[in-house]
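In what follows, a structure is listed as structure tokens, so that the remarks can point back to it.
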Amino acid sequence: MVSPVVVIGGGLAGAAVATRLARTGQAVTVIEREAGPHEKVCGEFLSVEGCQDLAGLGLPPEHLGAVAIDRVRVLHRRHAVEAKLPFVARGLSRAIMDEALLDMARKAGAEVLRGVRVTGLQGTRVLTSAGEYEASHVMLATGKHDLRAMPRAAPATRDGYVGFKMHWRLSPRALDALGSAIELVLFGQGYAGLQRVGTREANLCLVVRRQHFAELGGTWDALLARLMDEPGLASRLGDAQPLMARPLAIANLPYGHMHRPSGDEGAVWRLGDQAAMTASLSGDGMAVALRSATLAADLFTRGATTAQFHRLLAAQVGPQVRRAMRLQRLSEHPLALALGMQAARACPRLLTLGARATRLPAYEATKA
Ligand SMILES: Cc1cc2nc3c(=O)[nH]c(=O)nc-3n(C[C@H](O)[C@H](O)[C@H](O)COP(=O)(O)OP(=O)(O)OC[C@H]3O[C@@H](n4cnc5c(N)ncnc54)[C@H](O)[C@@H]3O)c2cc1C
């Protein structure tokens with residue numbers, strides 16, 4: 001019997017590559033540790049490239065209830081600047097999006113194992129909580145989670161970030177004021193993004209320097225109290241109802257990570273955050289994950305090597321990651337932030353240009 005391609009992780013990258021490969025007739029097994037729909041720490045801003053990729057798979061996000069996001073509003077202390085985005089993005093809960101994609105992979109013919117955790121990888125032998133699987137190739141799509149027995153995707157940094165996500169039911173007044181904008185609140189030691197992800201629901205996702213979080217007392221309540229000092233957030237969340245018992249949190253975010261193949265990588269393809277992790281301020285991480293799946297499926301069916309794939313992926317997404325990281329660093333530098341806000345208030349179109357400059361280029365089927 002021919003061994004299948006085993007996809008480890010059924011998030012965006014994993015489910016998308018499984019769908020694309022299964023549609024070519026390739027035997028694929030997806031192993032996802034979560035047994036059912038689950039939320040993830042994510043701003044849930046699906047950029048235009050991600051929307052196009054999903055539509056190309058036959059899953060336009062608007063069919064899943066995604067709301068249109070076509071403006072950006074940047075807030076810093078008492079200042080606010082607003083501009084039109086140069087594209088229409090979408091806001092959609094990850095629990096809905098990821099589940100729909102995994103369902104699509106199943107319908108395309110992939111075998112999807114839920115509630116099974118991969119515990120190790122020995123060459124193409126995949127060790128799991130439910131036994132071992134022999135793979136012809138492995139697509140490693142575990143997001144920011146590293147597998148034991150595999151080199152870390154990226155070293156954790158001491159001054160790194162902690163990320164949080166919480167869904168809220170906003171009051172009609174706050175919902176109206178938020179409108180179809182993504183609001184970015186820059187508070188110096190991090191930033192928060194607020195946007196609609198449903199008719200009355202909004203997502204607050206933020207990253208904060210780990211050290212600042214510790215100084216605040218290291219609790220969500222203390223962090224939220226600090227955020228409420230920001231006039232923009234206080235006016236939106238002051239009378240909002242949290243829709244989750246506790247926020248989701250994640251630490252050690254390897255921002256700027258770009259996988260560089262070191263010699264022979266064998267048959268292990270790294271996808272999504274395992275391959276590249278862009279600054280979340282740019283709202284393009286999901287587009288990068290989907291792009292890595294498109295390129296991997298394309299090159300795999302044309303017989304390319306993993307080294308060729310990783311090199312081409314780095315060439316396609318590397319410039320976006322570098323630009324987005326530069327922007328994210330500037331947003332934390334007090335002088336750069338003050339000057340940037342001043343310039344944006346004088347010329348709001350700078351925000352539109354910044355949003356355009358941090359998109360991925362159009363996908364081109366590339367020679368392997
Ligand atoms: C704070 C923050 C905000 C962000 N905001 C945005 C945004 O607004 N817009 C945007 O486009 N991007 C955003 N991103 C980035 C985006 O969330 C990621 O880039 C994207 O989810 C990566 O997709 P993935 O498929 O690589 O990983 P994931 O979507 O994380 O999927 C990985 C899957 O692997 C499974 N898994 C992990 N380990 C195992 C194991 N051992 N065995 C089996 N299964 C396993 C997990 O359960 C998960 O389902 C943000 C990221 C952060 C941290």
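Numbering of residues begins at 1 and proceeds along the displayed sequence. Both counts, for ligands and for their atoms, begin at 1 and track the order of listing.
- A salt bridge is absent between E201 and R196: the closest approach of a Lys/Arg side-chain nitrogen to an acidic carboxylate oxygen does not fall below 4.0 angstrom.
- Within the 4.0 Å heavy-atom cutoff, L253 counts among the residues contacting ligand 1.
- The shortest N or O to N or O distance between C205 and ligand 1 is not under 3.5 Å.
- Contacts between V207 and ligand 1, counted as non-hydrogen atom pairs separated by less than 4.0 Å, involve the side chain only.
- Put simply, part of G283 is less than 4.0 Å from ligand 1, judged by heavy atoms.
- Between E99 and R94 there is no salt bridge, since no side-chain nitrogen of the basic residue lies less than 4.0 Å from a carboxylate oxygen of the acidic one.
- Cation-pi geometry between R291 and Y363 is not met: the NZ or CZ atom fails to fall both under 6.0 Å from the ring centre and inside 45° of the normal.
- Closest heavy-atom approach to atom 17 (O) of ligand 1 among the candidates K40, R94, E49: R94.
- For atom 40 (C) of ligand 1, the choice among V118, D273, L121 with the nearest heavy atom turns out to be V118.
- For atom 44 (N) of ligand 1, the closest heavy atom belonging to the protein is R33 N, 3.2 Å.
- In terms of protein heavy-atom proximity, atom 5 (N) of ligand 1 is closest to G43 N, 2.8 Å.
- Residue contacts with ligand 1, taken as heavy atom pairs separated by less than 4.0 Å, do not involve T278 at all.
- Of the N and O atoms on the side chains of T301 and Q26, not one donor lies less than 3.5 Å from an acceptor on the other residue.
- Checked by distance only, ligand 1 and M277 stay at 3.5 Å or farther apart across all their nitrogen or oxygen atoms.
- Taking the side chain as every heavy atom from C-beta outward, S280 and Y255 approach each other to under 4.5 Å.
- Taking every heavy atom of A141 and a limit of under 4.0 angstrom, the matching atoms of ligand 1 come to 32 (C), 33 (C), 34 (O).
- Atom 49 (O) of ligand 1 has as its closest protein heavy atom E32 OE1, 2.7 Å.
- Side chains of T128 and R117: no donor on one and acceptor on the other come within 3.5 Å.
- Using a 30° and 60° split on the angle between ring planes, F300 and H137 fall in the perpendicular class, above 60°.
- Within the structure, ligand 1 has H38 among the residues with a heavy atom less than 4.0 angstrom away.
- Classified by interplanar angle (parallel below 30°, tilted 30° to 60°, perpendicular above 60°), the ring pair W220/F164 is tilted.
- A donor and an acceptor atom, one from each side chain of T358 and Q320, are nowhere located under 3.5 Å apart.
- Under the 4.0 angstrom criterion for non-hydrogen atoms, Q274 is not in contact with ligand 1.
- With hydrogens and angles left out, the side-chain atoms of E134 and S3 include no donor and acceptor closer than 3.5 Å.
- Using a 4.0 Å cut-off between heavy atoms, E34 contacts ligand 1 through its side chain alone, with no backbone atom that close.
- The shortest contact between atom 14 (N) of ligand 1 and any protein heavy atom is with C42 SG, 4.0 Å.
- Annotation: atom 9 (N) of ligand 1 to nearest protein heavy atom, F45 O, 2.8 Å.
- Contacts with ligand 1 closer than 4.0 Å are made by no heavy atom of V288, backbone or side chain.
- Looking at P254, S47, S129, G143, it is G143 that brings a heavy atom closest to atom 24 (P) of ligand 1.
- Shown here for E34 and E32, the closest heavy-atom pair between the two residues is N-OE2, 2.9 Å.
- Looking at A289 against ligand 1, only its side chain comes within 4.0 Å, counting heavy atoms.
- Ligand 1 has at least one atom lying under 4.0 Å from a heavy atom of V116.
- Side-chain contact annotation: T305 with Q308, donor-acceptor N/O pair under 3.5 Å present.
- The aromatic rings of H259 and H310 stand perpendicular to each other, their planes meeting at an angle above 60°, with 30° marking the opposite boundary.
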